[in-house]
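The basis for the numbers below is simple: all heavy atoms, side chains too, and nothing from hydrogens, waters or symmetry mates.
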Amino acid sequence: MKRFPVLAVALMAAVACGKQESMPQLTERVFKLASVQLPWQSSQLDDTHIGRTFEGDTLVTTGITYWVSGFLPGSLWLTYEYTGDEAVKQAAWKETRKLQNLVSRKTHHDIGFQLMCSYGNAYRLTGDTTCLSILRAGADKLAGRFDTNIGLIKSWDNDKWNYPVIIDNMMNLELLTEYGDKDVAIAHARKTAVEHFRDDYTTFHLVDYAADGSVIKKQTVQGAEDGSAWARGQAWGLYGYTMMARETGLPEFREQAEKIAGMLLPRLPEDGIPYWDFSRVGEERDASAGAIMASAFIELAGLTRDSVLSKECRQMAEKQLRTLASPEYLAEAGTNGGFLLKHSVGHKPGNSEVDVPVTYADYYFLEALLRYRN
């Protein structure tokens with residue numbers, strides 16, 4: 001990757017005299033880096049592609065229908081929120097407007113990720129009402145994937161499963177609670193809590209359902225094995241139920257998030273960043289799972305009525321953020337394909353995106369830093 005000008009000197013320099021960097025200083029450092037890396041990555045993309053990862057000194061791109069397409073615009077919007085930089089804002093609009101035709105295409109459950117990170121943040125930060133029609137149309141698309149007999153939103157359309165529902169789908173419900181049918185979101189979250197989670201509150205990745213709503217099979221497709229706890233899946237569950245607690249005010253969702261947090265906290269490594277699967281200690285870490293958890297822990301800390309859990313969640317989130325902002329995980333300016341974080345794992349059993357940057361890790365890292373600040 002060709003190096004580009006650095007806007008601040010020694011972004012990654014150690015704090016003098018060994019004094020621990022404050023969280024405001026850390027946040028400032030990361031967003032200065034983001035204001036360089038992310039617009040540069042945007043400048044390398046045409047109007048039909050988005051950045052997916054960086055492998056072999058190559059920025060790997062994919063089409064706008066791929067599930068991660070909302071994260072670069074989202075990261076740019078979060079960077080604009082912190083910096084107020086108009087150049088970052090223009091890059092955010094460029095990447096956001098690529099997605100405006102998604103609502104006219106055949107879509108999948110991840111339209112929630114795609115639109116909330118892009119148009120959702122655009123509307124929140126600018127008040128531009130042209131975003132609303134796209135968000136509402138996307139919410140209608142998502143609600144259209146709900147089967148009343150099964151009581152869930154279908155995740156994928158393929159011949160491998162009958163009616164697959166993945167834990168990731170919890171993340172997409174915010175599009176419904178904000179711009180669509182909240183009752184569909186509540187129904188989906190309730191049945192997922194019953195069928196996806198084991199007695200110890202770890203979650204399967206995928207549950208396949210019959211037409212009458214009964215379970216055909218439970219699997220962990222992207223994890224080590226069906227009975228294991230795939231790290232990013234646990235992060236999706238924690239974040240999804242925390243979000244639903246905030247959006248609905250229903251105690252059942254807050255309690256579910258608390259139980260997931262109670263499962264995670266003692267299982268995380270000393271530095272807070274999980275191995276890609278909790279059954280594979282000593283293998284690759286997953287920065288993306290750590291970032292998602294950090295963002296969820298911070299929000300749950302403010303929602304839970306358990307003061308001990310609140311303190312533990314906030315302490316873990318700070319530990320995770322400090323680790324992710326260290327040289328081990330945070331890229332130097334001008335490297336890493338314009339991504340911020342190194343060392344994520346996408347789909348190890350499929351030998352896809354193993355120990356590389358991924359765009360969603362950056363988004364939740366920045367979101368967590370803003371949540372911690374606020």
Under-4.0 Å salt bridge between [X] and [Y]:
X: Glu21; Y: Arg29; value: yes
X: Glu258; Y: Arg254; value: yes
X: Glu353; Y: Lys348; value: no
X: Arg314; Y: Glu318; value: no
X: Lys182; Y: Glu247; value: no
X: Arg124; Y: Glu81; value: yes
X: Arg246; Y: Glu174; value: yes
X: Asp271; Y: Arg285; value: yes

Going through the checks in order, is the ring-ring contact (aromatic ring centres under 6.0 Å, His included) test met by His196 and Phe204? CA-CA 6 Å; His196 253 82; Phe204 290 93; 7.6 Å; no

Heavy-atom check, side chain of [X] versus side chain of [Y], under 4.5 Å:
X: Tyr275; Y: Pro269; result: yes
X: Val207; Y: Lys217; result: no
X: His108; Y: Asp157; result: no
X: Lys32; Y: Val36; result: no
X: Lys89; Y: Leu76; result: no
X: Ile134; Y: Leu115; result: yes
X: Tyr80; Y: Asn121; result: no
X: Asn169; Y: Thr192; result: no

Atom [atom1] in [X], atom [atom2] in [Y]: separation rounded to 0.5 Å?
X: Ser69; Y: Ile50; atom1: OG; atom2: CD1; answer: 5.5 Å
X: Asp140; Y: Tyr179; atom1: CG; atom2: OH; answer: 13.5 Å
X: His188; Y: Asp147; atom1: NE2; atom2: CG; answer: 12.5 Å
X: Phe71; Y: Thr359; atom1: CZ; atom2: OG1; answer: 7.0 Å
X: Phe54; Y: Asn336; atom1: CZ; atom2: CG; answer: 6.5 Å
X: Arg280; Y: Trp230; atom1: CZ; atom2: CH2; answer: 15.0 Å

Return the orientation label for the [X] and [Y] ring planes: parallel under 30°, perpendicular over 60°, tilted otherwise.
X: Trp67; Y: Tyr360; answer: tilted
X: Tyr201; Y: Phe197; answer: tilted
X: Phe113; Y: Tyr364; answer: perpendicular

side-chain contact (heavy atoms from CB on, under 4.5 Å) evaluation trace for Thr65 with Arg105: CA-CA 9 Å; Thr65 59; Arg105 301 187 180 192; 3.4 Å; yes

With hydrophobic residues grouped by side-chain heavy-atom distances under 4.5 Å, do [X] and [Y] end up in a single group?
X: Leu152; Y: Leu175; answer: no
X: Phe146; Y: Val103; answer: yes
X: Tyr372; Y: Met293; answer: yes
X: Val345; Y: Ile292; answer: yes
X: Ile167; Y: Ile111; answer: yes

Using a distance-only test with no angle check, is there a side-chain donor-acceptor pair under 3.5 angstrom linking [X] and [Y]?
X: Glu28; Y: Tyr82; result: yes
X: Asp128; Y: Thr130; result: yes
X: Thr27; Y: Arg373; result: no
X: Asp212; Y: Asn149; result: no
X: Tyr239; Y: Glu367; result: yes
X: Thr126; Y: Trp93; result: no
X: Gln222; Y: Trp276; result: no
X: Ser228; Y: Glu225; result: no
X: Trp236; Y: Asp168; result: yes
X: Asp362; Y: Ser75; result: no

Check the pair Lys218, Glu195 against salt bridge (Lys or Arg N to Asp or Glu O under 4.0 Å), reporting the backbone distance first and the verdict last. CA-CA 9 Å; Lys218 298 185 179 184; Glu195 299 294 358; 3.6 Å; yes

I need the minimum non-hydrogen distance between [X] and [Y], along with the two atoms involved.
X: Leu45; Y: Lys94; value: O-NZ, 3.2 Å
X: Leu324; Y: Ala287; value: CD2-CB, 3.8 Å
X: Gln234; Y: Ile260; value: O-CG2, 4.1 Å
X: Leu78; Y: Phe31; value: O-CE2, 3.6 Å
X: Gly120; Y: Leu135; value: N-CD2, 3.7 Å
X: His347; Y: Val221; value: CE1-O, 3.6 Å

Might you confirm whether atom CG of Asn374 has over 12 heavy atoms from other residues, nucleotides or ligands at distances under 6.0 Å? yes

When you look at CD of Glu270, are more than 12 heavy atoms from neighbouring residues, nucleotides or ligands closer to it than 6.0 Å? no

Assess whether side-chain contact (heavy atoms from CB on, under 4.5 Å) is satisfied between Leu309 and Cys313, documenting all intermediate values. CA-CA 6 Å; Leu309 181 62; Cys313 285; 3.9 Å; yes

Please report the C-alpha distance between Thr96 and Trp77 in whole Å, then the side-chain angles of each, then the deciding distance to 0.1 Å, and finally whether the side chain to side chain donor-acceptor pair (under 3.5 Å) criterion is met. CA-CA 9 Å; Thr96 296; Trp77 282 118; 2.8 Å; yes

Would Asn162 and Tyr209 satisfy side-chain contact (heavy atoms from CB on, under 4.5 Å), going step by step from the backbone distance to the final call? CA-CA 6 Å; Asn162 181 62; Tyr209 294 88; 5.6 Å; no

What's the verdict on side-chain contact (heavy atoms from CB on, under 4.5 Å) for Val356 and Lys342, showing C-alpha distance, side-chain angles and the deciding distance? CA-CA 6 Å; Val356 295; Lys342 302 174 283 185; over 6 Å; no

Please evaluate residues Asp208 and Lys154 with respect to the criterion salt bridge (Lys or Arg N to Asp or Glu O under 4.0 Å), reporting the C-alpha separation (whole Å), side-chain torsions for both, the decisive distance (0.1 Å), and the verdict. CA-CA 9 Å; Asp208 193 19; Lys154 188 177 185 181; over 6 Å; no

